[in-house]
Structures are given as C-alpha cells and as structure tokens.
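Written out below as structure tokens is the structure these notes cover.
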Amino acid sequence: MRASEFLIDSGKELWESFLRHPFVAGITEGTLPQEKFQYYMIQDYLYLMDYARVFALGTAKAEDLETARIFGRYVNQITDGEMAIHRGYMKRLGIPEEKALRTPPAQDCLSYTSYMLREAYEGGPAEIAASILSCAVSYEYIAAAMVERNAACRDHPFYGEWVRGYASPEYAEENRMLERLTDRLCEGLSAVRMAKLQDIFVRCTRYEGSFWDMGWEMRA
C-alpha cells in the first residue's frame with residue numbers, strides 16, 4: 001500500500017461522518033443559512049493563510065529541487081486559486097478583505113493551524129506532507145459525495161461555486177500530485193516514523209471535524 005493510501009485510509013471513517021454533518025448537508029441541499037457560511041468563509045480564509053505558510057515551510061525544508069518546486073506550486077495554488085474563491089464570496093457578501101483579515105481567528109481555527117505549523121517547524125518534509133494531506137483530500141472527497149447525493153448542488157446559485165471548485169478535475173489532479181509527493185517523501189521510512197505520520201494525519205482530520213462544528217455553531 002502506498003503511504004498516501006495508508007494515511008488516507010486512517011481518516012476515511014471520520015470523513016464519512018463529515019458527510020452527515022449539518023453544515024456539509026446544508027451545502028449539499030442548499031439550505032445552509034448564509035450567515036453560517038459567511039462566518040465559515042472568513043475563518044477559512046484566515047486558515048488558508050497559515051495553510052499556505054505550512055507549504056512554504058515545506059519549500060524551505062525540501063532536500064531536493066523537485067520537492068521545493070511542488071511545495072512552492074501549492075503556495076501559489078492556495079493564495080491565487082483557493083483564496084480567490086473566498087475573496088469572490090466575501091465580495092458577494094459585502095465583506096472587505098481588510099475586515100476579514102482583522103477578524104480574530106476562532107479557537108478551533110487557531111488550534112488547527114498552530115498544530116500544523118508546529119509539526120512543520122519541528123518536523124521535515126514528510127511531516128509537513130502528512131499535516132496538509134487531510135485538508136486537501138477530504139475537501140475533494142466531501143465535494144464528490146455532495147455531487148453524488150445531489151447533482152443539483154453544483155449549480156446552486158450561491159453554494160455552487162464552492163462545490164464546483166472542490167469537485168473539479170483540476171483540484172483532484174492537484175491532490176494526486178500531493179499524494180505522489182507524500183509517497184516519495186515516505187519511501188524507506190521506519191514503521192515508527194510512519195506511525196508518527198499517521199498520528200499527524202488523524203489529528204488533522206479531527207481538527208477538520210472541529211472546523212465544521214465551528215462553522216455550524218459560529219463559535220469563537
């Protein structure tokens with residue numbers, strides 16, 4: 001089994017539970033109150049800033065040019081791609097970017113990004129890959145399940161852009177590249193080291209669950 005498959009399998013049961021989460025179900029059915037999505041989008045925007053920093057640390061700690069290039073590519077993909085969707089929604093909701101950046105991160109958001117950044121600072125490229133893989137692939141998994149359960153969610157006048165972004169072939173290909181990078185970085189690692197990476201992955205997956213809870217409850 002490839003290292004990325006090993007890690008992803010560790011989180012699949014939790015991912016399945018996310019599909020039943022009222023926030024995720026609300027997007028699927030188009031019934032999520034917009035004020036909850038607005039709260040989530042601002043917090044996710046703050047999250048993505050630190051998420052990009054984790055990739056940047058991967059570039060800094062890379063031991064070969066190809067690894068540095070791939071991590072660096074993701075920094076641009078997040079700041080110019082994923083965050084652009086958030087900026088579009090914030091514009092539609094009348095939220096200036098400056099206001100979003102002045103918003104304090106919620107405890108769940110801060111705990112999640114602090115954990116990833118700590119693992120990135122203390123670990124190497126493999127630990128960095130394990131810490132970011134759950135977020136990247138779980139959103140693809142969730143969006144694909146949304147479309148499977150309700151194909152009309154792709155064309156929802158408000159939530160459709162969000163669904164299409166994470167259910168797109170382009171986003172999926174970016175994730176396959178990240179999985180291949182993870183596989184390469186994990187080659188020859190001991191069972192003890194792989195257990196550590198699995199722990200990082202599962203912890204980040206649990207943080208993903210807390211993030212959905214945070215958005216639904218709009219908790220600070």
Side-chain angles (χ1 to χ4, degrees), residues 1-19 24 44 47-48 50-83 85 112-113 115-117 119-120 123-148 162-209 211:
M1 178 182 290
R2 295 185 294 115
S4 59
E5 291 178 328
F6 168 72
L7 296 175
I8 289 170
D9 281 352
S10 301
K12 281 283 183 69
E13 185 174 347
L14 285 169
W15 290 359
E16 282 294 318
S17 72
F18 298 163
L19 301 178
V24 174
D44 201 42
Y47 166 88
L48 287 172
D50 279 337
Y51 190 59
R53 291 185 177 102
V54 176
F55 280 96
L57 285 166
T59 301
K61 292 196 170 191
E63 298 176 359
D64 60 85
L65 182 59
E66 179 64 10
T67 299
R69 185 188 68 80
I70 294 174
F71 275 126
R73 173 177 175 171
Y74 278 96
V75 174
N76 292 330
Q77 190 269 336
I78 293 165
T79 58
D80 298 334
E82 197 166 355
M83 292 180 77
I85 295 176
Y112 189 0
T113 59
Y115 176 74
M116 284 195 301
L117 286 166
E119 292 297 337
E127 283 74 19
I128 292 171
S131 70
I132 55 188
L133 189 64
S134 179
C135 177
V137 183
S138 70
Y139 269 63
E140 176 192 353
Y141 185 89
I142 289 168
M146 286 177 170
V147 173
E148 183 177 346
W162 188 95
V163 175
R164 290 192 300 273
Y166 292 113
S168 69
E170 294 79 12
Y171 184 75
E173 180 51 37
E174 292 289 340
N175 283 339
R176 302 296 82 76
M177 182 183 295
L178 182 58
E179 290 170 7
R180 290 191 293 269
L181 173 64
T182 301
D183 294 338
R184 181 161 59 80
L185 292 174
C186 291
E187 287 179 2
L189 296 187
S190 67
V192 172
R193 185 89 176 273
M194 284 303 302
K196 168 64 175 174
L197 298 183
Q198 183 183 37
D199 180 68
I200 292 171
F201 183 90
V202 172
R203 286 179 185 272
C204 287
T205 302
R206 289 174 177 156
Y207 274 122
E208 286 290 318
F211 211 92

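Only heavy atoms go into these numbers, but all of them, side chains included; no hydrogens, no water, no symmetry mates. Source: prediction; values computed, not measured.
Contact detail for Y112 and C204: the closest heavy-atom pair is OH-O, 3.5 Å. Among all heavy-atom pairs drawn from V75 and A56, the shortest one is CG2-N, 3.6 Å. Residues A129 and L185 approach most closely at CB-CD1, 4.1 Å, considering heavy atoms. In this structure, G165 and I85 approach most closely via the heavy-atom pair CA-CD1, 4.3 Å. A pairwise comparison of heavy atoms in A143 and A167 identifies CB-N, 3.7 Å as the closest pair. Closest of all the heavy-atom pairs between A120 and K61 is O-NZ, 3.0 Å.
Applying the side chain to side chain contact (heavy atoms under 4.5 Å, CB included) rule to R176 yields the partners V137, E140, A172, E173, E179, R180; only residues at least two apart in sequence or on another chain are considered. Considering only residues two or more places apart in sequence or on other chains, Y115 meets the ring pair (Phe, Tyr, Trp, His ring centres under 6.0 Å) condition with Y207. Considering only residues two or more places apart in sequence or on other chains, A195 meets the side chain to side chain contact (heavy atoms under 4.5 Å, CB included) condition with none of them. Listed by chain and residue number, nothing satisfies the ring pair (Phe, Tyr, Trp, His ring centres under 6.0 Å) test with F71 (two or more places apart in sequence, or in another chain). E63 is linked by a side-chain hydrogen bond (donor to acceptor under 3.5 Å, both in side chains) to nothing, counting only residues two or more places apart in sequence or in another chain. Listed by chain and residue number, nothing satisfies the side-chain hydrogen bond (donor to acceptor under 3.5 Å, both in side chains) test with S131 (two or more places apart in sequence, or in another chain). Remark: F201 engages no residue in a ring pair (Phe, Tyr, Trp, His ring centres under 6.0 Å) (not counting sequence neighbours). The side-chain hydrogen bond (donor to acceptor under 3.5 Å, both in side chains) search around T67 returns D64, R184, not counting sequence neighbours. In this structure N76 satisfies the side-chain hydrogen bond (donor to acceptor under 3.5 Å, both in side chains) test with no other residue, sequence neighbours excluded. Applying the ring pair (Phe, Tyr, Trp, His ring centres under 6.0 Å) criterion to Y171, with sequence neighbours excluded, gives Y166.
The backbone N or O of G72 lies less than 3.5 Å from a partner atom in the side chain of T59, making a donor-acceptor pair. A side-chain donor-acceptor contact under 3.5 Å links S10 to the backbone of F6.
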Would you be so kind as to tabulate the donor-acceptor pairs closer than 3.5 Å made by side chains of residues 11-19, with sequence neighbours excluded?
from: E16; atom 1: OE2; to: Y141; atom 2: OH; distance (Å): 2.2
from: S17; atom 1: OG; to: L14; atom 2: O; distance (Å): 2.5

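Between E66 and I70, some side-chain heavy-atom pair lies under the 4.5 Å cut-off. L189 has its side chain within reach of L197: a pair of non-hydrogen atoms, C-beta onward, lies under 4.5 Å apart. Using a 4.5 Å heavy-atom cutoff, the side chains of E119 and R203 are not in contact.
Atom CG of D183 sits about 8.5 Å away from atom CG of L7, to the nearest 0.5 Å. Taken to the nearest 0.5 Å, the OG1 atom of T113 stands 11.0 Å off from the CG atom of L48. Distance CZ/F211 to CG/D44: 4.5 Å, rounded to 0.5 Å. The CG atom of L57 lies 6.5 Å from the CG atom of L117; values are rounded to the nearest 0.5 Å. Annotation: the span from L133 atom CG to T205 atom OG1 amounts to 8.5 Å, rounded to 0.5 Å. How far CD of E82 is from OH of Y74: 11.0 Å, rounded to the nearest 0.5 Å.
The neighbour count for R73 CZ, taken as heavy atoms of other residues, nucleotides or ligands under 6.0 Å away, does not exceed 12.
Comment: E127 engages R193 in a salt bridge, judged by a side-chain N to carboxylate O separation of less than 4.0 angstrom.
Among residue pairs with one or both ends in residues 130-139, none qualify as salt bridge (charged side-chain N to carboxylate O under 4.0 Å, His left out); sequence neighbours excluded.
Taking the six-membered ring for Trp and thresholds of 30 and 60 degrees, F55 and Y51 have ring planes more than 60 degrees apart, a perpendicular arrangement.
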